[in-house]
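To find a chain, count down the sequence lines: A is the first, B the second, and so on, and within it residues start at 1.
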Protein chains: 2
Amino acid sequence: MSTKEYPSVLRKTGLRATPQRMAIWDYLVASEEHPSATDIYSRLKPKFPSLSLATVYNTLDVLVGMGLVNALGSLGDDRVHFDANLEPHINLVCRVCHKVVDTDASCVDDLEQELRQKTGFQVEGSRILYFGTCPDCQTRSNNYKRRE
Amino acid sequence: MSTKEYPSVLRKTGLRATPQRMAIWDYLVASEEHPSATDIYSRLKPKFPSLSLATVYNTLDVLVGMGLVNALGSLGDDRVHFDANLEPHINLVCRVCHKVVDTDASCVDDLEQELRQKTGFQVEGSRILYFGTCPDCQTRSNNYKRRE
DNA sequence: TTTTGTGCAAACGTTTTGCAATTAT
DNA sequence: ATAATTGCAAAACGTTTGCACAAAA
């Protein structure tokens with residue numbers, strides 16, 4: 001989806017295309033970092049000096065409610081992180097540097113269907129997290145404290 | 001692992017086998033409910049009238065640190081839930097009644113290896129959550145508000 | 001003009017912390 | 001005995017809420 005389409009997508013459901021909303025959504029789509037509310041706040045504050053944290057939370061609620069972004073939940077810290085990549089995929093979380101890498105696996109698509117059949121659940125979303133040590137941090141050191 | 005082994009497992013790492021710790025661990029292993037800290041607290045309070053919430057949090061930290069239980073993170077509410085089932089498995093979370101059902105899928109075992117090869121991550125743990133509507137709640141009603 | 005959204009400050013609930021009293025070893 | 005653990009109260013933290021003002025439609 002292009003930046004230009006944001007206003008119409010929002011208005012389609014009676015919501016207003018405010019600069020704050022556009023900026024937050026935009027940042028989320030552009031970012032590969034699965035930011036938290038405070039991440040977004042501090043990143044956007046310079047450009048929107050009047051921006052308030054409450055607005056960030058409000059906007060994230062709106063975007064999640066519209067299905068435009070997913071809430072990943074906590075990733076080891078105690079904040080909810082957000083992901084604008086709506087495709088089913090895997091988040092690899094490094095326990096050392098807390099970096100998150102997205103990846104796919106051949107079976108992810110099959111998994112959902114298997115669950116549906118096996119359990120009768122009407123599956124609506126997923127959050128597949130793997131925790132470990134990323135290649136960079138493996139090189140840097142092998143002694144680290146387990147956290148989480 | 002049998003209840004009788006708890007003390008020695010704890011002492012092996014210099015930790016004390018207090019009644020509170022045993023009870024919390026015990027409950028976690030017996031329970032199928034992925035309880036949160038406050039769940040555990042209210043469940044155990046009757047048997048340990050002096051029990052404090054801080055001790056529950058301390059103990060959970062200890063157990064997670066020793067790798068005896070996993071922290072699942074928030075499951076739609078805003079509390080961290082815990083799971084003593086250490087085998088890689090899938091948690092199916094019902095968005096309506098918040099019940100959590102554990103299940104397996106044939107590809108889960110392969111997934112980890114595929115990730116290792118593809119990304120170079122040293123995988124140490126996973127948290128595979130699926131959100132949806134459980135069979136019971138599908139029957140009860142089809143109109144519910146999306147939450148999370 | 002009207003309705004929605006913003007921003008502030010205060011409130012909330014979960015989790016953490018400091019410390020004196022208690023208990024396992 | 002002595003070092004670890006408990007339990008309390010207070011603090012901290014992320015997040016939510018209420019309301020007056022501002023802005024989009």
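For the pair A:R21 (side chain) and A:L63 (backbone), a donor-acceptor distance under 3.5 Å is absent. No donor-acceptor distance shorter than 3.5 angstrom exists from the side chain of A:D61 to the backbone of A:N58, with no hydrogens or angles considered.
Two different hydrophobic clusters hold B:L75 and B:Y130 under the rule that ILVMFWY side chains link at heavy-atom gaps under 4.5 Å.
Neither OP1 nor OP2 of D:dT15 sits under 4.0 Å from any side-chain N or O of A:R79. Within the 4.0 Å cut-off from OP1 or OP2 of C:dT23, not a single side-chain nitrogen or oxygen of B:Q20 is found. Taking only side-chain nitrogens and oxygens, B:S52 never comes nearer than 4.0 Å to OP1 or OP2 of D:dC8.
Going from atom CG of B:N58 over to atom C1' of D:dC8 covers 12 Å, rounded to whole Å. The CD1 atom of B:I24 sits 12 Å away from the C1' atom of D:dT5 (whole-angstrom rounding). As rounded to whole Å, 11 Å separates atom P of D:dG14 from atom NE2 of A:H81. As rounded to whole Å, 12 Å separates atom P of D:dT6 from atom CG of B:D61. Rounding to whole angstrom units, CG of residue B:D39 and P of C:dT14 are separated by 10 Å. Note: CG (B:L10) to C1' (C:dT23) measures 15 Å, nearest angstrom. Put simply, CG on A:L44 is 15 Å from C1' on C:dG7, counting in whole angstrom units. At whole-Å resolution of the value, CG in A:L51 and C1' in C:dT6 are 9 Å apart.
B:T18 comes within 4.0 angstrom of the backbone, heavy atoms only, and of no base. Within the nucleic acid shown, B:L53 comes within 4.0 Å of at least one base atom, counting heavy atoms only. At a threshold of 4.0 angstrom between heavy atoms, the contacts of B:R16 include nucleobase atoms, whether or not backbone atoms are also involved.
Nearest-nucleotide mapping onto DNA chain D: of A:D78 and B:L15, the residue sitting toward the 5' end is B:L15. Sequence order on DNA chain C of the closest nucleotides to B:P7 and A:Y41 puts A:Y41 first from the 5' end.
For B:A54, the side-chain atoms get nearest to D:dA9 when compared with the rest of C:dT25, D:dA9, C:dG7. Side-chain atoms of B:Y57 lie closest to C:dT14 of the nucleotides D:dG14, C:dT14, C:dG7.
A 4.5 Å side-chain heavy-atom check between A:M66 and A:L10 finds at least one atom pair inside the cut-off.
Using modelled atom types and a 3.5 Å distance limit, the side chains of B:E114 and A:S106 yield a donor-acceptor pair.
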